[in-house]
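Okay, so here's the structure we're looking at.
By convention in this document, chain letters (A, B, ...) are assigned in the order of the sequence lines, proteins followed by strands, and residues within each chain are numbered from 1.
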Amino acid sequence: MTAPTKACQDLARQLSDANAAVFARLGLEPKHAAVRRSDRPDLGEFQCNGALAAAKQIGRKPQEIAADAAAAWDATDLADAPTIAGPGFLNFVTTARALSARAQAIADDPRAGASAVETPRRVLVDYGGPNVAKPMHVGHLRASIIGESLKRIFRFRGDRVWGDAHFGDWGFQMGLLIVALEDELGGLGDPAKVAARLKSLTLEDLEAMYPAAAAKARDDAAFRDRARKATAGLQSGEEPHRTIWRAMHDVSMAALKREFSALGVDFDLWNGESDADPLIPDMVADLKARGLIEEDQGAQVLRVAREGDKRALPPLLVVSSEGTAMYGTTDLATILQREREIDPDLYLYIVDQRQGDHFEQVFRAAELAGYAKREQLEHIGFGTMNGPDGKPFKTRAGGVLKLNDLIEMAREKARARLREAEIGADFSAEEFEDVAHKVAIAALKFADLMNFRGTSYVFDLDRFMSFEGKTGPYLLYAAVRIKSILRKAGEAGVAAAPIVIAAAEERGLALALDGFDAALAQAYDKRAPHFLAEHAFALAQAFSAFYGNCPILQETDAGAQGSRLALAQATLKQLEITLDLLGIAAPERM
RNA sequence: GCGCCCAUAGCUCAACCGGAUAGAGCAUCCGCCUUCUAAGCGGACGGUUGCAGGUUCGAGUCCUGCUGGGCGCGCCA
C-alpha cells in the first residue's frame, strides 16, 4: 500500500492500481480506473476519466461515481484524495514522498525507470535499404534514422532484435550495370580486360554508370532488353555476369558501411537481396506445385486479391516473362530465408509508405504460401522529406542530394555555430571535429524523429541547426551542462544523497523522469520514435528549469545538495539512454 | 477512373481508447547573466482544428458528403 515499495513502477501505474482497488470496492470495473498524466496541469498531475465511462455503463451519474471514488481513496501515501472537476474527472496530486521514492527508484535503476516486455519476441527490423551503385541520398536518411531508432527501442524493451540492411544488390539494376560495362568495354569477351576494369572500378564509376544506364533504358528498348537478359544471365549464374556483380557489390558495400557508420547506423545483418536468390528456384517450384501460381501474359503470378477489398490488389509478379525474379519474389524468398535462419516472431519493414501496396502483396503471398502469418509482418511506412517547396527534397540543380553531402553541410554549419559561440577554442582539432559531427547528426536525427514518422516534413537545415528551441543541439546542450556540473561536483567532493523532492522545479523534473516508461511503451507499441523524442525534449526542459532555480554547487544544505546532485545524475542517465534510443550521442562538452 | 494518406496558431509540428480551457518550438513583444555553460529560464501574444452535415452527455479524433493537396495502381525497386 505504501508508495516506496511500488516505486519501480511509474506513478500512473501505481495510481491506476490503487484506483482500481477503489473501483473494485465500489463494484465498478477496474478497467475504468486507469489513471494517466493530466492534460490539465493546473488541476492535477494525473487524471482518471473512468467515472464517465462507468456511469454510461451502469446508468449512474458520473459525478456521483467520482465522488464515491474520491471518498473511498485510501492510498494517501501515494496521493491525496482526488478532487472532482467537470462532469466527473478525478484529479490527483502525488505526495512529495511518493514522488521522491519514484525519483530514487529511477536513480537506482540502470534502466532509468523503463520497464521491459513480459515475453520477449524475436524481431527482425528491415531498414536502410541501400543499393549497389546508387549513392545514398536523402531518401535513405529517414529509413536509416527511423529504423535504427526502432531497432534500439525494441532491443531496449527486451526483445531479441536483428537489424538487416537488406542490401539492394539484385534484380534489373544489376543487369543495367552489366550491359553498361559491356558497352564501355566494347564487349565482355576478353576476361583479362574485364578483370582489369573491375580492379580499377570505383564507387564514383558506379555512381556515374547507373543513372546513365537507367536513363538510356527508359527510351532505348533494345538496351532495355539486353539489360533484362543480362539480369536473367546473372540470376542463372552465368559468367562474367557473376564476377562483375561481385566486384560491383563489394565496391558499393565498402562505401555504404562508411556512410552508415558516419550516421551512427549499424546493422547486425548485411544480407542482400542476392542472399535470398538461391532459395528462389525451389520456392517457385513449391508455389507452382501447390497451385498458387498461374500464368498470365507470359509471366508467373500469385494472386493475392481478396473478396471484400475495396480495390482489387494486383497479383504478385513472381517470375517475369523474361524468366527473372522480381523484387516481390526476392522479398518473399527473403521471408523464407529469415524463417529458416532467424525464425522471427515479428518483421518490421521500415520503408517509404508509398510502397504499402507492394508489402501488402508480399505479406499476403507469404501467408498464402504458409511462410509467415499476416500479423507477424508489418510495413512501418514513413513520409517523404520535402524541400521548401513542399515537394520531395531536391538540390538547387534539381538532382538528388547525396547523404554524404548532406551530412557535410550539417557539419559545416555546426562548425560555424561553434566558432560563433566561441566554443571549442581550447579543444584539440580532433575533439572539435567530433563535437561538430555529433551536433550535426543530433540536429538531423532529432529533426526527423521529432515528427510522427507517417507525416512528411520540410527539410530546413537552418532551422534544425538553429541551436535554439526544440532541436537536437538543445538536447546535447542540456546533457553537456549536466556533465559539467557532475565534473565540478566530483572535484568539489560533493556526493549524492537520498532524493527529497521539495521545490516546484524538482517536482517538475521528477514528474518528467517518471514519464519515460510511458513514452517508451508508446514508441514501442506504435512503432513511433517521436514519443521518445518528445520525452527527451520535455526532460531537457524540466532539467533546464531545475538548473536555473535549484543550484547544486552553491547549495549549503548538504541534504538538499546531495539530493539535487542525485537528481542531476538520474537525469543525465535517462537523457543519455533516451538519446541513445534515438540514435543520438552527446559529447562531453560543447 | 479506382484506391490510400493528409489538411490543427503567421511558419514547422504534437495531441495516448472519443474527454475538461487543443499543446510545443520558431517568429513577434516584455523581463532575467556578481550564481553550476544565456545554445538557457520566466511571461505575453497567437485557434470557427479545410467546409457542410451526422452519431454522442462529450468530436481535432468516429460516420457521410464536399473542397484542396500528396501518393499508389504487373514485368523498376
Determine the sole option in A:Val494, A:Leu572, A:Ile552 for which the side chain to side chain contact (heavy atoms under 4.5 Å, CB included) test with A:Leu486 is passed. A:Leu572

Salt bridge present between A:Asp462 and A:Lys413 (N-O < 4.0 angstrom): yes

Interatomic distance where CG belongs to A:Leu52 and P belongs to B:C57 [whole Å]: 12 Å

Roughly how many Å apart are B:A44 and B:A20, using the C1' atom of each and rounding to a whole number? 24 Å

Counting only side-chain heavy atoms from C-beta out, which of [options] sits nearest to [X]?
X        : options             : answer
A:Phe89  : B:C13, B:G19, B:C75 : B:G19
A:Arg311 : B:C2, B:U56, B:C75  : B:C2
A:Lys310 : B:C4, B:G74, B:C13  : B:C4
A:Lys470 : B:G25, B:A77, B:C13 : B:G25

Check whether any side-chain nitrogen or oxygen of A:Lys134 sits under 4.0 Å from OP1 or OP2 of B:C76, and answer yes or no. no

How close do A:Leu302 and A:Leu292 get, heavy atom to heavy atom, and via which atoms? CG-O, 3.6 Å

Under a 3.5 Å cut-off for both contacts, is B:C71 paired Watson-Crick or G-U wobble with anything, and if yes, with which nucleotide? B:G3

Taking any heavy-atom pair under 4.0 Å as a contact, classify A:Asp357: base, sugar-phosphate, or nothing. sugar-phosphate

Atom pairs, N/O to N/O, protein against nucleotides 39-45 of chain B, distance under 3.5 Å?
residue, atom, partner, partner atom, Å
B:A39, O3', A:Phe467, O, 2.9
B:G40, OP1, A:Gly469, N, 3.3
B:G40, O2', A:Arg481, NH2, 3.0
B:C41, OP1, A:Tyr474, OH, 2.7

Should the ring pair A:Phe459 and A:Phe464 be called parallel, tilted or perpendicular, given that the plane angle runs from 0 to 90° and is split at 30 and 60? perpendicular

